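All values below were derived from every heavy atom in this structure, side-chain atoms included, with hydrogens, water molecules and symmetry-related copies excluded. Keep in mind that this is a model prediction, so the values were computed, not measured.
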Amino acid sequence: MNPETTGKAPAGTNRILFSYAALGYTMPEQIQYRTQLEGFESDWAYRHENHIVEYTNLPPGDYTFKVSARYPYSDWSDDVLSYHFSVMPSLWQRADVRALDFLLTVLAAYAAFMWRIRHMKKKAIQLEALVEEKTQALQAQDDDFEQMSKEDALTGLANRRAFDEYWHHVFEESRQSGTDLQVAILDIDHFKRINDHYSHLVGDQIIQRIGSLLLCEQTHLRHIARWGGEEFTLLLAGTPADGYRYFDGLRRRIAALDLNDIAPSLSLTVSIGVASNHQTSDYVDGLKKADQV
């Protein structure tokens with residue numbers, strides 16, 4: 001061991017051996033030693049008469065090995081021999097590599113965090129879109145149910161519920177505004193006889209044909225509905241004279257329908273009762289009077 005030099009143990013060194021000896025002309029075999037490895041040991045270690053000390057698995061770093069000697073029962077010599085050396089770190093133990101590794105770990109964690117945030121945002125957007133889609137589907141379904149609840153399945157016209165709500169509303173408006181309205185109930189004559197003679201299928205086709213004709217009359221009428229069975233309700237804006245002219249013409253147009261495609265030699269007539277909003281006390285009374293005419 002040359003105390004004037006500084007040694008470097010390569011990375012991965014797992015065993016360092018020091019051999020030492022003190023010069024003594026009298027009983028050299030009785031010389032005692034103590035050692036200390038600064039950077040690893042905090043105090044001296046008594047070695048008795050041993051000339052060798054070994055260290056294993058020292059971590060990378062700078063060290064100073066010190067040794068002093070004495071004869072038994074005397075003081076330790078003030079002459080301390082020191083040797084400075086370093087254990088080189090492996091690549092993964094170097095401070096700069098560790099710093100880089102830490103930085104890469106932080107960046108990876110940040111990237112994973114940001115990916116998670118983006119993934120969660122994407123999932124949130126997808127969830128919002130799904131909720132919106134389901135909401136729209138439910139709304140469309142509600143609208144369909146609402147329409148079905150107010151639509152006659154056979155003719156596609158408004159049903160009795162829809163007409164009653166509308167008639168109630170416009171009746172109250174007309175009372176305040178003074179508008180003339182004529183409410184009418186159209187009844188297919190001898191409809192039971194048609195069902196009995198031709199069949200209920202033919203009866204349904206007759207109702208559909210009347211419904212199709214009434215749909216073509218929408219430009220003249222405020223509202224049209226199948227009130228139930230063979231009865232239809234109609235609402236016309238105008239005076240009683242206007243109502244008489246229009247509904248009489250409608251009755252004649254229905255009587256002139258060609259129904260041979262439904263049943264040969266089949267003819268059809270209808271009765272139409274009409275009541276004016278100014279001749280009734282309320283909207284229910286208007287329908288009663290139209291049904292009694």
| said: For R226 and T155, which I'm curious about, is there any donor-acceptor pair between the side chains at under 3.5 Å? | reply: no
| Backbone of P240 reached by a side-chain donor or acceptor of D180 within 3.5 Å | no
| Knowing that exactly one of F65, Y63, Y33 qualifies, which makes a ring-ring contact (aromatic ring centres under 6.0 Å, His included) with F18? | F65
| query | Regarding R251 and the six-membered ring of Y244, is the cationic atom NZ or CZ under 6.0 Å from the ring centre and inside 45° of its axis? | reply | no
| Which class fits the ring pair W115 and H119: parallel under 30°, tilted 30 to 60°, perpendicular over 60°? | parallel
| request: Check whether the side chains of S19 and H51 place a donor and an acceptor atom closer than 3.5 Å, and report yes or no. | output: no
| Check: E172/Q176 side-chain N/O donor and acceptor closer than 3.5 Å | no
| query | Partners of D101 by salt bridge (Lys or Arg N to Asp or Glu O under 4.0 Å), sequence neighbours excluded? | reply | none
| field | side chain to side chain donor-acceptor pair (under 3.5 Å) involving D189 - partner list, sequence neighbours excluded | value | T269, S271
| query | Do other residues, nucleotides or ligands put more than 12 heavy atoms under 6.0 Å from the CE atom of M120? | reply | no
| query | ring-ring contact (aromatic ring centres under 6.0 Å, His included) between Y166 and H168: does it pass, once the steps are laid out? | reply | CA-CA 5 Å; Y166 183 79; H168 184 193; over 10 Å; no
| field | Backbone N/O of V170 and side chain of S174: donor-acceptor pair under 3.5 Å | value | yes
| query | With ring centroids as reference points, do Y46 and H48 lie under 6.0 angstrom apart? | reply | yes
| query | Going by heavy atoms in the side chains, are L181 and L236 under 4.5 Å from each other? | reply | no
| request: For the residue pair T56 and R15, confirm or rule out a side-chain donor-acceptor distance under 3.5 Å. | output: no
Output side-chain donor-acceptor pairs under 3.5 Å for residues 201-214, partner residues at least two apart or in another chain, one line each.
from: Q208; atom 1: NE2; to: L154; atom 2: O; distance (Å): 3.4
from: R209; atom 1: NH1; to: D258; atom 2: O; distance (Å): 3.4
from: R209; atom 1: NH2; to: D261; atom 2: OD1; distance (Å): 3.3
from: R209; atom 1: NH2; to: D261; atom 2: OD2; distance (Å): 2.5
from: S212; atom 1: OG; to: Q208; atom 2: O; distance (Å): 3.0

